[in-house]
Amino acid sequence: MAKDKITNIGGINGLGKGLINTNAQDFKELQSMIKKLSSSQEEEERINNEFLSIRFQMESYLNSATDKVILAGEFIEKYLKVIDVKKKDFAQYIDYEESNLSALLKGRRKINTDIALKLGKIFKINPTIWLHIESKNELILEMQKKEEDYNKYSLQDLLRKAG
């Protein structure tokens, strides 16, 4: 039986390579129509739509089998860019030292439950998504560091040694 072809591994939402011919006339017309419609949106509607796009990117990342780490901080920066809020002002708003926010955005500090809850309330994202991104990144990095160590474990090996 032939393998099913997956035609969109994050391509539509910008996390992967697109499978869409962006030079095609149909694509350019669609893009033009979307730009025209979005320019007539109210500010709140535009923000909500851009937030939705970022949330889809986060969920796509969580559901992908990638071994490429995307920091939770990258998503936070996207949100801040949409609403045009400076990092300094955001840090102050969430009662966080600016240096700690900078470390979090660069991946040197992890999102904890407190920050996840605050981000969840502000950006209307389930706080567990933020924590899942951190967990996924930790797993990817650990596996990359010690892949040989972990590859020695398997159910077959356990059954052979236990039997």
Side-chain angles (χ1 to χ4, degrees), residues 6-145:
I6 298 174
T7 57
N8 177 24
I9 303 177
I12 296 295
N13 61 20
L15 290 178
K17 294 196 175 180
L19 301 174
I20 297 172
N21 180 358
T22 57
N23 293 319
Q25 184 61 32
D26 287 345
F27 178 81
K28 289 181 179 183
E29 288 173 12
L30 177 62
Q31 188 178 37
S32 174
M33 187 171 52
I34 291 170
K35 284 181 182 177
K36 183 178 177 185
L37 286 171
S38 67
S39 68
S40 65
Q41 288 179 334
E42 296 290 329
E43 182 71 4
E44 185 177 347
E45 186 179 10
R46 181 194 62 78
I47 289 171
N48 286 336
N49 287 338
E50 291 191 42
F51 277 13
L52 183 62
S53 172
I54 297 167
R55 191 187 90 214
F56 285 153
Q57 291 174 34
M58 293 168 75
E59 290 174 355
S60 179
Y61 172 62
L62 286 173
N63 292 322
S64 72
T66 185
D67 60 351
K68 178 185 179 279
V69 170
I70 298 178
L71 300 173
E74 292 179 43
F75 294 113
I76 295 170
E77 287 184 299
K78 287 181 181 188
Y79 278 111
L80 295 178
K81 184 177 178 183
V82 167
I83 56 176
D84 196 28
V85 169
K86 294 178 182 159
K87 294 171 193 171
K88 176 183 174 184
D89 295 333
F90 183 68
Q92 185 178 19
Y93 181 74
I94 62 172
D95 299 318
Y96 216 54
E97 293 291 325
E98 193 175 350
S99 60
N100 289 340
L101 177 64
S102 179
L104 183 129
L105 296 176
K106 290 178 175 30
R108 294 190 312 267
R109 198 173 248 278
K110 295 180 183 355
I111 289 181
N112 59 31
T113 53
D114 176 58
I115 294 297
L117 288 165
K118 289 175 182 178
L119 294 171
K121 288 290 188 182
I122 294 167
F123 300 121
K124 299 176 184 145
I125 295 285
N126 187 326
T128 59
I129 291 177
W130 295 104
L131 297 173
H132 285 224
I133 289 171
E134 282 293 350
S135 295
K136 178 175 182 158
N137 290 343
E138 286 181 46
L139 287 168
I140 290 170
L141 294 172
E142 182 70 14
M143 186 63 167
Q144 287 173 349
K145 280 193 266 182

Residues Tyr93, Asp89; criterion side chain to side chain contact (heavy atoms under 4.5 Å, CB included); working and verdict: CA-CA 6 Å; Tyr93 181 74; Asp89 295 333; over 6 Å; no

Stepwise side chain to side chain contact (heavy atoms under 4.5 Å, CB included) test for Thr66 and Lys136: CA-CA 10 Å; Thr66 185; Lys136 178 175 182 158; 4.0 Å; yes

Residues Asn137, Lys110; criterion side chain to side chain contact (heavy atoms under 4.5 Å, CB included); working and verdict: CA-CA 10 Å; Asn137 290 343; Lys110 295 180 183 355; over 6 Å; no

Trace of the side chain to side chain contact (heavy atoms under 4.5 Å, CB included) decision for Ile122 with Ile94: CA-CA 10 Å; Ile122 294 167; Ile94 62 172; 3.6 Å; yes

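Taking the side chain as every heavy atom from C-beta outward, Glu59 and Ser64 never approach each other to under 4.5 Å. Residues Met58 and Ile133 have side chains in contact (heavy-atom distance under 4.5 Å, counting atoms from C-beta outward). Looking only at side-chain heavy atoms (C-beta outward), Lys124 and Phe51 stay at 4.5 Å or farther from each other. Between Leu52 and Phe56, some side-chain heavy-atom pair lies under the 4.5 Å cut-off. With a 4.5 Å cut-off on side-chain heavy atoms, Ile115 and Leu119 count as touching. No side-chain heavy atom of Lys68 sits less than 4.5 Å from a side-chain heavy atom of Ile140. At least one side-chain heavy atom of Ile76 sits under 4.5 Å from a side-chain heavy atom of Leu105. The shortest distance between side-chain heavy atoms of Phe75 and Trp130 falls below 4.5 Å.
Separating the CD atom in Glu43 from the CG atom in Asn48 is a distance of 10.0 Å, to the nearest 0.5 Å. A distance of 9.0 Å separates CG of Asn49 from OG of Ser53, quoted to the nearest 0.5 Å. Of the inter-residue distances, the one linking Met143 atom CE with Leu139 atom CG reads 9.5 Å to the nearest 0.5 angstrom. The line from CG of Asn100 to CZ of Arg109 is 3.5 Å long, rounded to the nearest 0.5 Å. The distance from the CD1 atom of Ile111 to the CD atom of Glu134 is 5.0 Å, given to the nearest 0.5 Å.
Taking the six-membered ring where tryptophan is involved, the planes of Tyr79 and Phe123 are essentially parallel, since the angle between them stays under 30° and well short of 60°.
With respect to Lys87 and Glu77, a salt bridge is recorded, a charged nitrogen being found less than 4.0 Å from a carboxylate O. A salt bridge links Arg46 with Glu50: at least one charged nitrogen is closer than 4.0 Å to a carboxylate oxygen.
In this structure a side-chain-to-backbone donor-acceptor pair under 3.5 Å is present from Tyr61 to Ile70. Under the 3.5 Å distance criterion, the side-chain polar atoms of Gln144 are matched with a main-chain donor or acceptor of Asp67. Distance alone, capped at 3.5 Å, places no donor-acceptor pair between the Ser32 side chain and the Lys28 backbone. Under the 3.5 Å distance criterion, the side-chain polar atoms of Glu98 are left unmatched by any main-chain donor or acceptor of Ala91.
Minimum interatomic distance between Arg55 and Ile125 (heavy atoms only, all atoms of both residues): CG-CD1, 3.1 Å. Residues Pro127 and Ala116 share a closest heavy-atom pair of CB-O, 3.4 Å.
Annotation: Glu29, atom CD; neighbour count of heavy atoms from other residues, nucleotides and ligands within 6.0 Å is above 12. Counting non-hydrogen atoms of neighbouring residues, nucleotides and ligands closer than 6.0 angstrom, the CD atom of Gln92 reaches no more than 12 such neighbours.
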